[in-house]
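Letters go in sequence order (proteins before strands), and every chain restarts at 1. All figures in this text were calculated on a predicted structure; none of them were measured in a lab.
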Amino acid sequence: MNAPIRNENLQLLNGNHAVAWGVRLASPDVAPLYPITPQTPILEKLIDFKSADLLGTEILTPESEHSAMAAAVAASATGARVFSATSSQGLLLMHELLHYAAGSRLPIVLFNVNRTPAAPWGFWPDQIDSLSQRDTGWVQLYSETPQESLDTVIQAFRIAEASELPVMVNHDAFYVSHAVEPVSVPDQGAVELYLPKVDRSMWLDTDIGRAIGAPIGQDGWNRTRREMDAAMQTIVGLTKDAGKAWGEMSGRPYAPLELYRCDDAEVVFVTMGSMAGTAREAVDRLRESGVAAGLVKVRLFRPMPMADLHAALADIPCALVLDRNYSPGVGGVLHQELMAGFYGAENAPRIFGFLTGVGGTNVPVEMLEKLAVDYRQAKQNNNPIWVE
Amino acid sequence: MKDIEYNEAGQFCSGHNACAGCAEALSMRVILNAVGKNTVGVVVPSCVAIIVGAHPRSSAKIPFIHGLLESAAAMASGVKRGLVSQGKDDTTVLCLAGDGGTYDIGLQALSSAAERNEDILYVCFDNEGYMNTGGQTSSSTPLAASTGSSPLGKTTRKKNLVEILAAHRIPYIATASPSHLSDLSEKVTKAKAIRGMKVIIVVIPCLPGWGIADDAAVKVSRLAVESGVFPLIEVEDGLRYSINSADKTKPIDEYLDLQKRYRHISDSERVELQQDVDDSWDRLVARTKM
Amino acid sequence: MNSQPSTLWTHLSSETNHTGTWRSALPLYQNQPSPCHGACPVGGSIATWIKQVKDGDHYEAWLTLVDNNPFPAIAGRICHHPCETACNRAEHDETVGICSLERFVGDLALREGWSFPSPDVELSQSVAVIGGGPAGLSAAYQLRRQGLQVTLFEAREALGGLMRYGIPSYRLSPDILDGEVARITAMGIDLRLNAEVMDEKALTALHKDFDAVFLATGASLPKELPGLDYSQSFVLDSAAFLADEPEAQSSQTGEHILVIGGGSAALDVARTARRLGRKVTVLTLESEGHLPAQQVELDEASEEGIEFITGAMMQSAVGKDGSVTVHATKVDFQIGNAPGGFTAAPVAGSEFTIEVNTIIPAIGQDADLARWNGILNTSGPVINISGAHGKTSQPGIFAGGDVASMSRFVTQAIGMGKEAALGIVATLVDDADVVAPSQEPEVLLDRINTAYHVNHGRNTQGLAEVASRLETFDEVQQPLAPAQAQSEAERCFSCGTCTLCDNCFYYCPDVAIIKLEDGYEIKTDYCKGCGLCVAECPTGSIHMQEDIAS
């Protein structure tokens, strides 16, 4: 459908600048932004583009992330395409608005750079900031690389606008946000074809004085959640369509899950974000050493593509979930999601949950190799396991 | 006889859920008609959100977004930018909030929007407390007034929002009263024509919150103006103050005596309150001469 | 797309919510009488005609005025204006100058030559009106308006009665009187001048010839002061003095005149005498502050150099060589409990004398009732009448004015003439359209929202300079200028009379009032019954009535 990109432009970009490029190509109408380490380069790059007249977006820089998301919500309600970016404390400050945006069915795209929340203060890669927003009604996607971040932020608009649900795309602080790699930047015209402007079903229309968000009775509120549920049911399919179409255009297809060397695997790592890169390396080394290892990279965390996970792990006896996050009193969030998703399933793999790299600690390839070796035949253990 | 008149174009509808005799609904009527059809509204939790209406109804002919309490000015900014980004530069953005949402929880966002000089018209319905939650103290509650959270009377003064906003040097700040509807209408019309941030603070005597009769809101607000408790003023560019009501002509007694929230005050407190009003008036007059 | 029902977006107007069910009371628009109307001897629609003046509809205002009184120019000059005493505005700043406004309209009508319309129908019923003073003329006018045939009998050679023969021209110019009387006679009245109805026989004859008779012969017999010999040449009858031409007045009076009495007639005598160049002293039984004359008359008299001795009583007068020694004493004047009652006991040791040349007692006049003996019942000094319409004991004979009342006010007589005419019409004409007076309570100050009435002192009429006043008999009080009249009309609260100011419309928080061409309508589906419209009504012409049915 979409014309292939003729002149892909290869640039050395860090993850945040790659995001800014993706945003520039998606041409949102409005972008409220507030600086926070390590998100700030996204803001700065967008303002650079704007200052150089390369971006038509209305950028506003209010006094807080709370107001940034409030402005995003309001701008989106006018029918505008809206982008914002944040990290950690900023995302947590937005929390109230995240519920609001989803409840209002506003297709905002938010880029979050995963960072440890205080206290104590820290600036390190950890996904608990966004994972703790999983109940707000936002679609969540996790990116492993600068290229994927650029590609995903554009796909996110397509998913959001098709479902009228907000989409949050995440990548890890520094490991992705500040890591530089050659990034293929697609052609503007091709992206416009991929992401046409679409009219929303409803907006703040002066011709028809309708109000959004007005107080509602119990039945009405209940109905809004049923409608959100129905919308969430479409997300896996929309994500697949978006990833497939992107692939046809760019040669880089995406799916809710990325499976790496899972065929005939006896043990697979299941993880999200930059950890996937380390796990991929470990898989290769394990395969070389005769262990049939594989990797399931979860790109779409909300809604969890559970049917795809069931299919991916159908013949795999052992899954090692690597969580760079810690939900106190529970363990790793992805681990819990998988445990819940496979509860009662026939031929479910044994699932182990490892708290790896919480707070941004280094996770060497060897550590993962050892986990695979140690656990591929271990007995099921539901408890989270801290990895030194 | 003094005439009142304002444009009535049917922009505010009957059947809303304000209390009988509510001056906020009355002010809404004036404001919505003055601001006109090509307007998008933002309203945050407060009585005014109730007046705009619960789903599936709206009392306004313009669209509204029911925003978050602390986000009134931020959401209004977002609406404006959203409209501008789509070429609708001429659409007015009207933001309606209470004093809790303005003086307290919304002050940060308000200050930010003011500092950015966002092109919005922000109206604060100032009923001097959290009246929609049953009547608790806000930073707009005046000295000595009793509320559910200051039953013995508030021990500190009302925050001076006009001066705070003036310090931001926004193009237009005004105060208004439901007793002076023509003035209110003219101020809205004037503000609408100004580019940048405009704030109008409307005094709203709350019938249950202030403890006044169903038919007395206009009378009480008129006394607030005439006693100098709530002078009608304009401030342009944060510098040029002008008083647009007649001089302070009455002592505060009649104003106080019509309200239950001042029923407990002693004679000496009454004298102090009068002194405070007199001093504030003198300072205001001095500002108009600067 | 953007118009479908939605869970998130509102799609109905609040108008689908009928808040009228909340209410327990509903505003009712109802014009109610103003205090001035209640006090007005002719029952004038004062709030209405002042509103018409305010709106610049002067002709309409005049039509409203003459519904009740064919003499606005006269009443505007000499009425004792109880309307102004009753005016709600007194507590706000000063009463509205109703008389001066009435004069303004009355004078304008004379200048413009506005005339009364002919009656819609000519009826055959005939009425004899006996007496061409204010009561008789008022009755004749009202009867003609209804189409009845009127024959007016006047004992003197000209119409006007007391207005012509008792009120000096510096208070009421003869041109004004002539103009307003001519307008009545132009309606087609069979005039019989110099035709005194002498006795009960003559009255009986008229009673037979006419379908009804209205008797308004006034009060022509002077009350006599005990201790004064009226046969003395230095004693003059006040009524005769006032009725005379200045030359005659001059030739009968000495240099210093003592006028006895504290009412309007006494002051008229005194001020007339001053204009003849005389020194004038007024002796009154009433103490200061209790004189029956209007304050404005007293003020003007003092300005004109008239001396007052109040709270005093003449005991005897002894004439010698053109001068008179008057022996008098101070009295302890006390207001009694009954209306008009008082006591005045001489104060021992306070006797004094004054030397004057002429004494003119002016302590009032009585009606000549002896003439009607045997045909009409009397009650003390007046003919007995019952009800508002002046019915006497003899069916078909009605009475009004000073012959039937002790109030002695011109406008009271005009009002009685009007009421008797209405009574006659009701008696003689089947399905006559006689409007009963409103039984609604008067609108008092508590129902007026004075916030809409800017404080503004009364626009007062100018007065001629004192020096020039004493040289002529020209009118003392000068008319309001048009701008003053406009300003004065705007001071009227219009108590109980809707002025279509739209306050109710604009102040309704529920947008529940609809403006109509000539009023307002409540949208009962939405009115919550808050009463703001009533509270903010500047005229008190709305009130809340219980409404629990909804």
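Separating the CG atom in B:Leu69 from the CD atom in A:Glu96 is a distance of 8.0 Å, to the nearest 0.5 Å. The distance from atom NE2 of A:His66 to atom OG of B:Ser71, rounded to the nearest 0.5 Å, is 4.5 Å. The distance from the CG atom of A:Leu204 to the CZ atom of B:Phe64 is 10.5 Å, given to the nearest 0.5 Å. In this structure, A:Arg223 CZ and B:His55 NE2 are separated by 7.0 Å, a value rounded to the nearest 0.5 Å.
Open room surrounds CD on B:Glu5; 12 or fewer heavy atoms of other groups in view lie less than 6.0 Å from it. Atom CZ of B:Arg157 has 12 or fewer heavy atoms from other residues, nucleotides or ligands within 6.0 Å.
Heavy atoms closer than 4.5 Å to chain A are found in both the backbone and the side chain of B:Lys37. Of the atoms belonging to B:Lys88, it is side-chain heavy atoms, and not backbone ones, that fall under 4.5 Å from chain A. The part of B:Ala60 that comes within reach of chain A is its backbone (N, CA, C, O), which places non-hydrogen atoms under 4.5 angstrom from that chain. Residue contact with chain A, scored on non-hydrogen atoms closer than 4.5 Å, involves the side chain of B:Glu118 exclusively. Proximity to chain B (any heavy atom under 4.5 Å) is shown, for A:Leu97, by both the backbone and the side chain. Residue A:Pro32: no heavy atom, backbone or side chain, is found under 4.5 Å from chain B. With a 4.5 Å cut-off on non-hydrogen atoms, B:Gln108 touches chain A through its backbone and its side chain both. For B:Ile62, the part sitting under 4.5 Å from any heavy atom of chain A is the backbone (N, CA, C, O) and nothing else. Using a 4.5 Å cut-off between heavy atoms, B:Arg116 touches chain A through its side chain atoms alone. Heavy atoms of A:Ala77 lying under 4.5 Å from chain B belong exclusively to its side chain.
Judged purely by distance below 3.5 Å, without hydrogens or angles, the side chains of A:Glu63 and B:Ser111 never pair a donor atom with an acceptor atom.
The most heavy-atom pairs under 4.5 Å with chain B, out of A:Gly79, A:Gly220, A:Ser64, A:Ala72, come from A:Gly79. Interface remark: of the candidates B:Met75, B:Glu115, B:Arg81, B:Arg81 forms the most heavy-atom pairs closer than 4.5 Å to chain A. Counting heavy-atom pairs under 4.5 Å between each of B:Gly53, B:Ser112, B:Ala76, B:Ser77 and chain A puts B:Ser112 at the top. The most heavy-atom pairs under 4.5 Å with chain B, out of A:Ala75, A:Ser104, A:Gly217, come from A:Ala75. Annotation: maximal heavy-atom pairing with chain A below 4.5 Å, among B:Ile50, B:Thr91, B:Thr39, occurs at B:Thr39. Per-residue heavy-atom pair counts under 4.5 Å with chain B were compared for A:Ser76, A:Ala71, A:Pro28, and the maximum is reached by A:Ala71.
The two atoms that bring A:Asp29 and B:Ser85 nearest to each other are CB-OG, 3.2 Å, heavy atoms only. Counting all heavy atoms, side chain and backbone alike, A:Thr78 lies closest to B:Val79 at CG2-O, 3.6 Å.
Under the 4.5 Å side-chain criterion, counting only non-hydrogen atoms from C-beta, A:Val73 is in contact with B:Ile65.
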Assess the residue pair A:Trp203 and B:Gln86 against the criterion (side-chain contact (heavy atoms from CB on, under 4.5 Å)); give the C-alpha distance rounded to whole Å, side-chain angles, the decisive distance to 0.1 Å, and a yes or no. CA-CA 12 Å; A:Trp203 65 97; B:Gln86 296 172 90; 6.0 Å; no
